[in-house]
Engineer: 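I'd like to ask some things about the structure below.
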2 protein chains.
Amino acid sequence: MPQIARLTRPSQLSETVSKTIEQWIADGVLAPGVKLPTEKTLSAEFGVSRAVVREAISRLKAEGYVASRQGAGAFVEARPGQASFRLADDVDAADPAAMVHVFELRYIVETAAAALAARRHSAPDLARMREALQRMDQAVAACADGAQADDDFHVAIAAATGNPALQRFIRFMGHQFFDSRVPTWSAQGHAAGRAAAAQAGHQRMFEAIAAGDAAGAREAARQHMVEAARRLGIDTKDWDPAPQAPWEEEALP
Amino acid sequence: MPQIARLTRPSQLSETVSKTIEQWIADGVLAPGVKLPTEKTLSAEFGVSRAVVREAISRLKAEGYVASRQGAGAFVEARPGQASFRLADDVDAADPAAMVHVFELRYIVETAAAALAARRHSAPDLARMREALQRMDQAVAACADGAQADDDFHVAIAAATGNPALQRFIRFMGHQFFDSRVPTWSAQGHAAGRAAAAQAGHQRMFEAIAAGDAAGAREAARQHMVEAARRLGIDTKDWDPAPQAPWEEEALP
DNA sequence: TTATATTTGTCCGTATGTATA
DNA sequence: CTATACATACGGACAAATATA
């Protein structure tokens with residue numbers, strides 16, 4: 001029997017309350033800076049206990065919608081909801097258009113990260129990349145699953161940029177596409193040579209980064225991402241990140 | 001009296017508890033699928049009431065770290081925290097290192113967006129940019145605050161990429177730095193010519209985008225972002241996104 | 001400045017529905 | 001089927017911070 005994703009029941013009082021207030025904020029009923037009704041009032045209006053209201057407000061605080069001050073009240077934040085960036089929960093499902101858009105965003109940051117990694121990498125960074133590369137080599141040789149090592153390799157590059165914000169964003173994006181690596185590392189992927197091709201791209205990226213060649217690393221990453229995008233059926237004609245010198249145009253795929 | 005940003009105190013028991021558990025998950029102490037200690041146990045261990053623990057878990061649920069089932073317990077999600085991307089809460093305050101990192105991420109996506117906008121823009125997109133430009137022109141002429149129009153201009157470029165994910169991310173990043181535009185559009189900024197200089201950069205970006213010149217738009221955006229970064233005291237020496245043709249090197253600042 | 005009322009923060013006890021052994 | 005464990009929810013209470021008169 002296949003694994004059934006457990007449905008998230010909305011039948012949680014505190015969640016219902018928090019979503020309702022969130023909607024009030026989104027609709028402008030509660031403008032930034034405005035004071036929320038008191039917990040006592042809210043509990044009376046919703047017909048729930050004060051504990052439920054407090055849990056709902058905890059959610060809103062965690063998501064950056066409100067901030068509360070003891071003795072004063074809870075207030076709508078100046079830029080409600082802008083504290084966190086959320087993608088559609090189901091990138092790899094249902095909505096192919098959304099996947100294209102998210103992948104393009106991933107392409108942008110991954111190519112830039114490769115260039116920065118070429119300039120800023122340390123010895124431990126290279127060792128981490130090399131270790132992930134070796135695990136993928138083994139996976140290619142054994143026709144095994146190298147998806148995790150694949151992910152680790154990209155995260156290692158991100159770490160080599162020395163920019164934790166960039167690193168966390170790439171990790172975030174990578175996890176969104178973790179499932180999409182299956183066609184590469186599946187049995188069919190090995191048979192069709194997709195795993196070996198991907199690994200060759202990784203190798204080119206690593207060599208350019210290790211050599212400190214920022215432009216080469218960016219181009220290797222670009223080719224690698226374009227190939228991955230095409231496996232997902234994504235149009236990549238607008239993806240030339242660099243002002244290419246004219247004579248290079250023909251050399252590109 | 002200038003507007004003083006109200007400090008966010010971490011002295012909230014439920015926040016301390018949720019951050020601690022979040023760290024456990026990040027460190028792998030609590031792996032995906034693992035059951036959290038019961039509320040009773042947690043309240044005993046932390047020395048707080050169950051209400052505090054419940055509020056902490058509400059936060060974790062809102063952020064996608066855990067899911068709880070009545071009668072069973074709370075469990076770490078399969079990809080904890082990867083449902084949303086969060087930056088340090090105080091980008092424009094306190095932590096200058098974090099600001100540098102976030103600004104670099106912004107630089108990456110803004111330059112790429114300018115290039116994509118040059119290729120994909122529609123007539124309404126151009127009209128929207130032109131409108132924001134005119135508002136900034138008026139602000140420059142009147143020594144008024146053009147921060148909102150500035151933000152709108154960058155969002156209009158993002159919209160012209162036709163990529164809603166990229167658009168939302170740029171909007172998200174822009175809001176993080178909204179306060180940082182003050183030195184440009186303040187009275188001192190006008191007097192020092194910073195507003196006029198920024199506006200000249202906007203104009204160059206617009207012209208390249210309108211002409212469909214992707215490389216030019218990228219370079220104009222790059223210069224604009226580098227200038228903004230330098231106003232914030234950020235080192236930009238690693239920021240040449242493109243494999244430049246050799247003869248172009250000297251022409252760059 | 002002082003005093004008082006309001007509001008959030010925290011704690012405790014209890015009851016109920018659900019999951020699991 | 002029964003018993004236990006657990007999350008969910010309720011109510012009352014006090015402390016601490018804030019706002020107001």
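Note on naming: letters A, B, ... go to the chains in the order of the sequence lines (proteins, then strands), and numbering restarts at 1 for each one.
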Engineer: How many Å lie between CD on A:Glu15 and P on D:dT8, as a whole number?
Structural biologist: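 The answer, rounded to whole Å, is 11 Å.
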
Engineer: Excluding sequence neighbours, so at least two apart, what forms ring pair (Phe, Tyr, Trp, His ring centres under 6.0 Å) with A:His190?
Structural biologist: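 If we apply the ring pair (Phe, Tyr, Trp, His ring centres under 6.0 Å) test to A:His190, skipping adjacent residues, the hits are A:Trp185.
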
Engineer: Ignoring backbone atoms, establish whether A:Ser68 has a side-chain N or O less than 4.0 Å from OP1 or OP2 of C:dG9.
Structural biologist: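 Looking at the OP1 and OP2 atoms of C:dG9, one of them is under 4.0 Å from a side-chain N or O of A:Ser68.
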
Engineer: Indicate whether OP1 or OP2 belonging to D:dT8 is found under 4.0 Å from a side-chain N or O atom of B:Lys61.
Structural biologist: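 True: B:Lys61 side-chain N/O within range (under 4.0 Å) of D:dT8 OP1/OP2.
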
Engineer: For B:Phe75 and D:dC6, what is the distance between atoms CZ and P respectively, to the nearest whole Å?
Structural biologist: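 Checked: the CZ to P distance equals 11 Å.
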
Engineer: Give the angle between the helix axes at the two ends of the helix from C:dT2-D:dA21 to C:dA21-D:dT2, taking five base pairs at each end and rounding to 10°.
Structural biologist: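 Rounded to the nearest 10 degrees, the bend comes out at 10°.
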
Engineer: Heavy atom of residues 44-60 of chain A under 4.0 Å from DNA chain C: which residues?
Structural biologist: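 Heavy-atom cutoff 4.0 Å gives A:Arg50, A:Arg54.
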
Engineer: Could you state the atom-to-atom distance from CG of A:Leu36 to C1' of C:dG9 in whole Å?
Structural biologist: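 Whole-Å distance recorded here is 17 Å.
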
Engineer: Mind checking what makes side-chain hydrogen bond (donor to acceptor under 3.5 Å, both in side chains) contact with A:Thr161, not counting sequence neighbours?
Structural biologist: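 Result, side-chain hydrogen bond (donor to acceptor under 3.5 Å, both in side chains) vs A:Thr161: none returned.
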
Engineer: Please determine whether side chain to side chain contact (heavy atoms under 4.5 Å, CB included) holds for the pair A:Thr41 and A:Thr38, giving the CA-CA distance in whole Å, both sets of side-chain angles, and the decisive distance to 0.1 Å.
Structural biologist: CA-CA 5 Å; A:Thr41 304; A:Thr38 67; 2.7 Å; yes

Engineer: When you check the side-chain N and O atoms of B:Tyr65 and B:Glu22, is any donor under 3.5 Å from an acceptor?
Structural biologist: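 Looking only at side-chain atoms, B:Glu22 and B:Tyr65 do form a donor-acceptor pair, the distance falling under 3.5 Å.
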
Engineer: Please pick, from C:dT8, C:dC11, D:dT18, the nucleotide with the shortest atom-to-atom distance to any side-chain atom of A:Gln70.
Structural biologist: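 My answer, after comparing the listed nucleotides, is C:dT8.
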
Engineer: Output the single nucleotide from D:dA9, D:dA7, C:dG9 whose closest atom is nearest the side chain of B:Glu39.
Structural biologist: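 Selected nucleotide: D:dA7.
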
Engineer: Using salt bridge (Lys or Arg N to Asp or Glu O under 4.0 Å) as the criterion, list what pairs up with A:Asp151, not counting sequence neighbours.
Structural biologist: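 Partners of A:Asp151 under the salt bridge (Lys or Arg N to Asp or Glu O under 4.0 Å) test: A:Arg181.
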
Engineer: With a 4.0 Å cut-off on N to O distance, would you call A:Asp152 and A:Arg135 a salt bridge?
Structural biologist: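 A:Arg135 and A:Asp152: salt-bridged.
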
Engineer: Could you tell me how the ring of B:Trp239 sits relative to the ring of B:Phe103: parallel (under 30°), tilted (30 to 60°) or perpendicular (over 60°)?
Structural biologist: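 Ring orientation, 0 to 90° scale: parallel.
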
Engineer: In this structure, how many angstroms lie between the P atom of D:dT8 and the NZ atom of B:Lys40, rounded?
Structural biologist: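 To the nearest whole Å, that distance equals 16 Å.
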
Engineer: Do NZ/NE/NH1/NH2 and the carboxylate oxygens of A:Arg120 and B:Glu104 come within less than 4.0 Å?
Structural biologist: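 Yes, charged N to carboxylate O under 4.0 Å.
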
Engineer: Taking only side-chain nitrogens and oxygens of B:Thr38, does any of them come within less than 4.0 Å of OP1 or OP2 of D:dA5?
Structural biologist: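 For D:dA5, neither OP1 nor OP2 has a side-chain N or O of B:Thr38 closer than 4.0 Å.
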
Engineer: Figure out the NZ/P separation between B:Lys35 and C:dT18, and round it to whole Å.
Structural biologist: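 Rounded to whole Å, this separation is 19 Å.
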
Engineer: With salt bridge (Lys or Arg N to Asp or Glu O under 4.0 Å) as the rule and sequence neighbours excluded, what pairs involving residues 51-62 of chain A come up?
Structural biologist: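 Passing the test, one end in residues 51-62 of chain A: A:Glu15-A:Arg59, A:Glu39-A:Arg54, A:Arg54-B:Glu55, A:Glu55-B:Arg54.
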
